[in-house]
Amino acid sequence: MMRSLEHAGVDVLFGYPGGAIMPTFDALYDHKETLHHILVRHEQAAVHAAQGYARVSGKTGCCIVTSGPGAMNTITGIADAMVDSTPLVVICGQVGAGMLGTDAFQEVDVVGVTQPISKWNYQIRRAEDIAWAVARAFYIANSGRPGPVVLDFTKNAQTAMIDYEPQVVDFIRSYNPDPQPVEGAIEKAADMINKCVKPFMLVGQGVELAGAREELLELCEKAQIPFGTTFLGLSAAPTEHPLNMGRLGMHGNLAPNVMTNQCDLLIAVGMRFDDRVTGNLKAYAKQAKIIHFEIDPSEINKNVKVDLSVLGNCKKTLSEVSKLVEPATHPSWIEGFKPYADKEFSKVINPALNPTDGPLLMGEVVRKVSEAANNEAILVTDVGQNQMFACRYFKFTKPRSVVTSGGCGTMGFGIPAAIGATFGAPDRTVCMFAGDGGFQMTIQELGTIMEQQCPVKMIMLNNNFLGNVRQWQYMFFNKRYSFTPMTNPDYEKIAAAYGIPCRTVVDRKDLDSAIREMLDTKGPFLLQCAIKEEENVLPMTPPGGNVDEMLLEIK
C-alpha cells in the first residue's frame with residue numbers, strides 16, 4: 001500500500017491509527033521520509049484536511065483511518081467532497097475477509113454506507129489487488145469531475161505477502177472522464193454569443209478545477225461578457241477584474257442576481273445551478289437563452305433546462321469557442337450593472353466596511369485581513385455568517401484561493417481544512433475565518449496545529465451566537481432564539497494551553513495592529529474579534545424567492 005501511494009504521487013497523508021489499520025501504519029513507519037503523515041485528533045478532521053490540501057494544490061488528497069467508528073467519522077467529509085467535487089482517496093481499515101458479515105469488533109459495511117456519497121468505492125480483500133485498486137482510485141478521483149474514492153482495506157490483505165508490481169490505470173471501459181461536445185455545439189455556442197446583446201456568464205468551480213482562468217478571461221474580454229461567480233468559483237477570476245460583477249446567490253451581490261433575470265444569453269461554466277444560486281426556478285432567467293459548459297453530463301438539464309450544452313473540459317471548450325467568437329462591446333448592458341452595485345454599496349457595503357462607532361463588524365475585519373495580506377492569501381472558512389461575510393469581503397488575485405464547504409455547509413470544516421491548505425500550498429498565507437460555534441466543533445485540531453506548527457492564521461468572529469441560525473430565527477421565527485445563544489470558554493487560555501499566540505480585539509482602534517501582529521507572527525496565530533452580536537448578512541434572497549428580489553435591509 002505504501003509503495004502504491006508513493007507511485008501515485010502522494011506526499012502528504014492525514015490520518016489516525018487503530019486496530020484494523022495497524023499493519024498499514026506499521027508499514028508507514030518505514031516510509032516516513034517519502035510519505036509525510038499528519039496525525040489529526042479526529043477522523044473527520046483527516047478528511048477535511050485532505051480536502052483543504054486538494055483544493056489549493058490541485059492534487060488528490062489522501063487520508064487513512066481505521067474501521068468501524070474511524071471509518072464512520074469520515075462520512076461527513078466524504079459527502080462534503082462529493083458535492084463540492086474535491087478529489088480524495090480515503091483508505092479505511094476493515095476486519096479480515098473471513099470475518100466479514102459476522103458483526104466482528106469494529107466491523108461496519110463501509111462500501112454500503114459510502115456508495116451513495118463517493119465517486120467509486122472498493123473493498124480490497126487480497127494483497128494482489130492493492131496496487132491495481134490504488135492506481136484506479138487515484139485515476140477516478142482526479143479525472144473528469146473530481147470526487148472522493150473510498151478503499152475498504154481488509155486486515156488479511158494488509159498482512160499477506162506478494163511481490164509488488166506498480167500499476168498504472170489511465171483507462172476504464174465504462175468510465176468517460178473526458179466527454180466531447182456533440183458535433184456543432186462549439187460553433188452554435190459561438191454563434192449564440194455573437195448574436196446576443198445582453199450576455200451574462202456564471203463562473204463556477206469547474207473553471208478552477210480545469211485550470212481554465214486564462215481561457216475564461218480571454219473569451220469574456222474578447223466578447224465583453226460580464227460575469228458573476230459562484231461560492232466555490234470566487235477565485236476563478238480576479239475580484240477586481242472590470243467584468244467581474246460579484247458573487248451569485250442567496251447572499252451574493254445585488255447586480256449579478258438582478259441582471260440574471262435581464263440578460264438575453266446566460267452562459268454557465270462549470271457550475272451546477274445549485275438552489276442557493278437560482279432561488280425560485282420558476283422565475284429564473286426565463287427571458288434568456290442558456291448555454292451550459294459542463295464536464296458532467298448528469299448536470300445538464302438537471303435543475304435548469306438549457307438551450308445548448310457544451311460537454312467537456314472547459315479549458316478546451318472555452319478556448320475553442322473563443323476562436324470563433326467575434327470581438328464585441330456591450331457598453332450600455334455592462335453599464336446597467338452599475339446602479340445596482342451603487343445601491344448595494346451605499347446601503348450595505350459601505351456601512352459594513354466603514355462603521356463610525358459601535359462594536360466591530362464582520363465585514364470590516366475580513367476586508368482588513370485581506371488587504372493586509374495584499375489580497376494574495378488563501379481564504380479558508382468555516383460555515384455560517386463568518387463564511388458569508390468572508391466570501392463577500394475577502395478579495396482574490398490568485399487562483400485556488402478559496403476553501404469553503406459549499407454544498408454541504410459543514411460546520412467544523414474550517415480548522416482542519418486550513419491545516420490541509422498549509423501543506424498543499426506551503427508558500428502561501430492561509431487565513432481561516434470561523435465563528436465561535438464552528439470553531440468549537442473541531443477545536444481539538446488545535447493539537448494538530450500545535451504539533452505541526454501549521455502557520456494557520458485563525459480569525460474567530462465571536463458574536464456569542466450561532467449567527468446564521470439566529471438570523472433566520474430573527475427573520476422567519478419571530479425572533480425566537482431557540483438554542484442559538486452561546487456560552488463560550490476563554491479562548492485565550494485554550495490557545496495558551498496549545499502554545500498558540502492569541503490576541504483578542506474588542507476596540508476598533510486595536511484591529512489594524514492586531515492583524516499586523518498575526519500576519520507577522522511565524523507559525524499559527526489566533527485572533528479573536530468581539531463582533532456585534534446581532535449583525536445580519538445582507539443582501540439576502542429569502543428562501544424560495546426570486547434572484548432579482550434581494551433584501552438590502554431587514555425591518
Side-chain angles (χ1 to χ4, degrees), residues 14 40-52 55 63 72-84 86 88 117 148 231-232 249-251 274-276 362 365-366 379-392 394 402-421 430-449 456 458-474 477 481-489 491 494 526 528-529 531 533-537 540 543:
F14 304 90
V40 296
R41 275 31 180 187
H42 190 283
E43 289 91 353
Q44 180 182 348
V47 190
H48 292 330
Q51 286 178 272
R55 293 269 282 273
C63 59
M72 291 302 98
N73 283 341
T74 68
I75 297 302
T76 298
I78 294 169
D80 195 291
M82 185 68 175
V83 73
D84 283 353
T86 304
L88 297 181
I117 56 169
F231 221 26
L232 300 184
M250 176 179 281
H251 286 297
D274 175 74
D275 62 286
R276 288 297 172 97
M362 294 192 196
V365 175
V366 171
L379 169 68
V380 182
T381 82
D382 206 86
V383 166
Q385 285 187 320
N386 67 90
Q387 177 187 34
M388 302 303 158
F389 276 106
C391 289
R392 276 186 62 79
F394 211 80
V402 59
V403 181
T404 191
S405 174
C408 268
T410 303
M411 288 183 69
F413 177 87
I415 297 177
I419 291 171
V430 175
C431 295
M432 191 283 297
F433 288 84
D436 41 309
F439 193 88
Q440 291 186 78
M441 282 198 170
T442 47
I443 197 170
Q444 76 281 343
E445 296 311 314
L446 294 178
T448 306
I449 291 174
V456 181
M458 297 172 281
I459 303 96
M460 185 200 300
L461 303 174
N462 189 346
N463 58 7
N464 297 304
F465 268 105
L466 297 176
N468 218 37
V469 182
R470 181 211 56 76
Q471 179 170 336
W472 282 51
Q473 289 172 335
Y474 179 92
F477 293 88
Y481 295 158
S482 179
F483 300 99
T484 47
M486 297 280 287
T487 300
N488 281 309
Y491 290 108
I494 291 173
L526 173 60
Q528 178 181 207
C529 297
I531 300 298
E533 288 197 347
E534 296 190 47
E535 185 180 6
N536 294 315
V537 186
M540 179 179 183

Problem - Any donor-acceptor N/O pair, Arg55 side chain to Thr404 backbone, under 3.5 Å - result: yes
Problem - Heavy-atom side-chain proximity of Cys63 to Glu43 below 4.5 angstrom - result: no
Handout entry: Under 3.5 Å donor-acceptor, Gln44 side chain and Thr76 backbone
Key = no
Exercise for the section: Heavy atoms only: give me the nearest Ala81-Leu88 pair and the separation to one decimal. Expected result: CB-CD1, 3.5 Å
Practice task
Compare every heavy atom of Leu232 with every heavy atom of Val402, then report the nearest pair and how far apart it is.
Solution key: CG1-O, 3.9 Å
Exercise for the section: Answer whether the closest heavy-atom distance between the side chains of Gln444 and Thr442 falls below 4.5 Å. Expected result: yes
Exercise for the section: Find out whether Val537 and Met362 are in side-chain contact, i.e. whether some heavy atom of one side chain is under 4.5 Å from a heavy atom of the other. Expected result: no
Exercise for the section: Give the ring-plane orientation class for Phe394 versus Phe433, where under 30° counts as parallel, over 60° as perpendicular and anything between as tilted. Expected result: perpendicular
Fill in the blank from the handout: Heavy-atom closest pair (Pro148 atom, Ile78 atom, distance to 0.1 Å) is CG-O, 3.5 Å
Practice task
Would you indicate whether the side-chain heavy atoms of Leu466 and Tyr481 approach each other to under 4.5 Å?
Solution key: no
Problem - Pairwise side-chain contact, Ile449 with Ile415, heavy-atom cut-off 4.5 Å (strictly under) - result: yes
Fill in the blank from the handout: Scanning both residues in full, the closest heavy-atom pair of Leu526 with Tyr491 reads CD2-O, 4.2 Å
Exercise for the section: Ignoring hydrogens and angles, tell me if any N or O in the side chain of Asp84 forms a donor-acceptor pair with the backbone of Gly406 under 3.5 Å. Expected result: yes
Practice task
Please check if any side-chain donor atom of Asn463 sits under 3.5 Å from a side-chain acceptor atom of Glu535, or the reverse.
Solution key: no
Practice task
Kindly determine whether Gln387 and Asp382 satisfy side-chain contact (heavy atoms from CB on, under 4.5 Å), including the steps that lead there.
Solution key: CA-CA 6 Å; Gln387 177 187 34; Asp382 206 86; over 6 Å; no
Practice task
Measure the OG1-CE distance between Thr74 and Met72 for me, rounded to the nearest 0.5 Å.
Solution key: 6.5 Å
Handout entry: Under 3.5 Å: donor-acceptor pair, side chain of Asn462, backbone of Cys529
Key = no
Completion exercise
Interatomic distance, CE@Met460 vs CD@Gln528, rounded to 0.5 Å, equals 5.0 Å
Problem - Donor-acceptor under 3.5 Å (Gln385 side chain, Arg470 main chain) - result: no
Practice task
Could you tell me the separation between the CZ atom of Phe477 and the OG1 atom of Thr484, rounded to the nearest 0.5 Å?
Solution key: 11.5 Å
Fill in the blank from the handout: In this structure, CG of Leu461 is separated from CG of Asn386 (nearest 0.5 Å) by 6.0 Å
Handout entry: Separation of His48 NE2 from Ile419 CD1 (nearest 0.5 Å)
Key = 11.5 Å
Practice task
Determine whether the side chains of Asp436 and Asn464 contain a donor N or O and an acceptor N or O closer than 3.5 Å.
Solution key: no
Fill in the blank from the handout: Note: Cys408 and Val83 closest approach over all heavy atoms is N-CG1, 3.7 Å
Handout entry: Expected output: side-chain Glu445 to main-chain His42 donor-acceptor under 3.5 Å
Key = yes
Problem - Side-chain heavy atoms of Met540 within contact of Gln471, under 4.5 Å - result: yes
Handout entry: Test item: Phe439 and Met458 side chains (from C-beta on) under 4.5 Å apart, heavy atoms
Key = yes
Practice task
Taking all non-hydrogen atoms of both residues into account, name the closest pair between Val403 and Gly52 and its distance.
Solution key: CG1-CA, 4.1 Å
Exercise for the section: Look up atom CG in Asn536 and atom CZ in Phe389, then write down how far apart they are to the nearest 0.5 Å. Expected result: 7.5 Å
Handout entry: Side chain proximity check, Ile494 to Pro489, heavy atoms < 4.5 angstrom
Key = yes
